[in-house]
Amino acid sequence: MAKKDKKSGKSGSSGKGAAVAAATKAGRAKKASKHPDSKAAKATALAPVSFSDALRVREGFILAECDPGSTPAFDGDKAAGQEALAARAGEIGEFQERLYAESKMDGQRSLLLIVQGMDTSGKGGIMRHVVGGMDPQGVRYTSFKAPSAEERSHPFLWRIRNALPHPGQVGVFDRSQYEDVLVVRVHDLVPRSTWSRRYAQINAFEEKVVADGTTVVKVMMHISTDEQKARLARRLKRPDKQWKYNPGDVDERMSWPQYQEAYQAVLDRTSTDAAPWYVVPADRKWYARLAVQSLVLEHLEAMDPQWPAVDYDVAEEQQRLRAT
Ligand code: AMP
Ligand code: MG
């Protein structure tokens, strides 16, 4: 039985969030109307809100009150969730192709999915199950590790800027600029006066990115400490998973409360109208994958990319082709 999420967010979404919700509801209404028993379906299987609405971080959001085992905006079980994930893969693929096609005719838009989360929170699974369904030529994927010597010689946003998606692309960040106020803050890798300025720098940076035509979708994969322990234990037990285990992960576990505090600060200070955060309960992998896929899909739907008009005469070309 799916639990309801209890967030302390205030009502009233604005700007892009509202557009996303409206587009999603319109899309659902269209699909639902095809079913003879759509009213019944709406009342039971479909939750009344979009994933974007249900998961968006609004003022007053408290991470500690968000249940990592909950499944907001989805009332089905694991089997239904996996089915939905598979069914929507084609839809996401078509939107991505449209976005890509649009850019071939001067379109300037792109989408950037940022995925943050503790070790074992399932970031890799998102890459395989959500991003893996897209056409690789339209995807720009970057995984951010501890910065290299060269990266450290530049301001922290330098490597981020270099990895932004080009027009038509879906950019995907596995970790991101937020590491510079997460791991860096927890372990005092730079002075407090330096990292504390970064929230505002990140906001200004993202505002510019959005203004330049990129829709930014920021996702925090929210797992519980118990679930992380179970996942690390599984990694240690299975020879085919041991390579994923890093002894440092256990050290990081000891800083769990500090990380939760650092994440709360990120959500408090960088969930902006231009680029809001979405917290995805991630103790159930099938739900987290479906939720991230749906967030991306809802944003692509709201962008509504169009097949570009071609700059040649189709009928004339058909005639020319026939003559060959
Ligand atoms: P993984 O994602 O498990 O391959 O691990 C990547 C590691 O790089 C994590 O431990 C991150 O905390 C670390 N990392 C990523 N970005 C930064 C950064 N800006 N400063 C320090 N460590 C970082
Ligand atoms: Mg790791």
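All ligand and atom numbering here is 1-based and tracks the order in the structure.
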- Are any of the side-chain heavy atoms of N246 and D119 separated by less than 4.5 Å? no
Short list, please: which atoms of ligand 1 are under 4.0 Å from a heavy atom of [X]?
| X | value |
| --- | --- |
| V183 | 12 (O), 20 (N), 21 (C), 22 (N), 23 (C) |
| A146 | 8 (O), 13 (C), 14 (N), 15 (C), 17 (C), 22 (N), 23 (C) |
| D180 | 19 (N) |
| D119 | 3 (O) |
| R159 | 16 (N), 17 (C), 18 (C), 19 (N) |

Matching residue for [X] among [options] - test: side-chain hydrogen bond (donor to acceptor under 3.5 Å, both in side chains):
| X | options | value |
| --- | --- | --- |
| D283 | S70, S121, S224 | S224 |
| Q116 | K218, K123, R175, E179 | E179 |
| Y259 | E252, Q264, R185 | E252 |

- Message: What is the name of the N/O/S atom of D119 that is nearest to the Mg ion (ligand 2)?
- Response: OD1
- Is it true that atom CH2 of W243 has more than 12 heavy atoms of other residues, nucleotides or ligands lying nearer than 6.0 Å? no
- Message: Looking at E97, I want to see if its CD is surrounded by more than 12 non-hydrogen atoms of other residues, nucleotides or ligands under 6.0 Å.
- Response: no
- R253 side chain to T225 side chain, donor-acceptor N/O pair below 3.5 angstrom: yes
- Query: Does K145, backbone or side chain, put an N or O under 3.5 Å from an N or O of ligand 1?
  - Reply: yes
Closest approach of any protein heavy atom to [atom], naming residue and atom:
| atom | value |
| --- | --- |
| atom 18 (C) of ligand 1 | P147 CD, 3.4 Å |
| atom 2 (O) of ligand 1 | R175 NE, 2.6 Å |
| atom 11 (C) of ligand 1 | E179 OE1, 3.6 Å |

- Assess R198 against F156: is NZ or CZ under 6.0 Å from the centre of the six-membered ring, and within 45 degrees of the ring's axis? yes
- Task: Tell me, please, if D249 has any N/O/S atom, main chain or side chain, under 2.8 Å from the Mg ion (ligand 2)?
- Result: no
- Message: Below a 4.0 angstrom heavy-atom separation, can you tell me which part of V184, side chain or backbone, both or neither, approaches ligand 1?
- Response: side chain
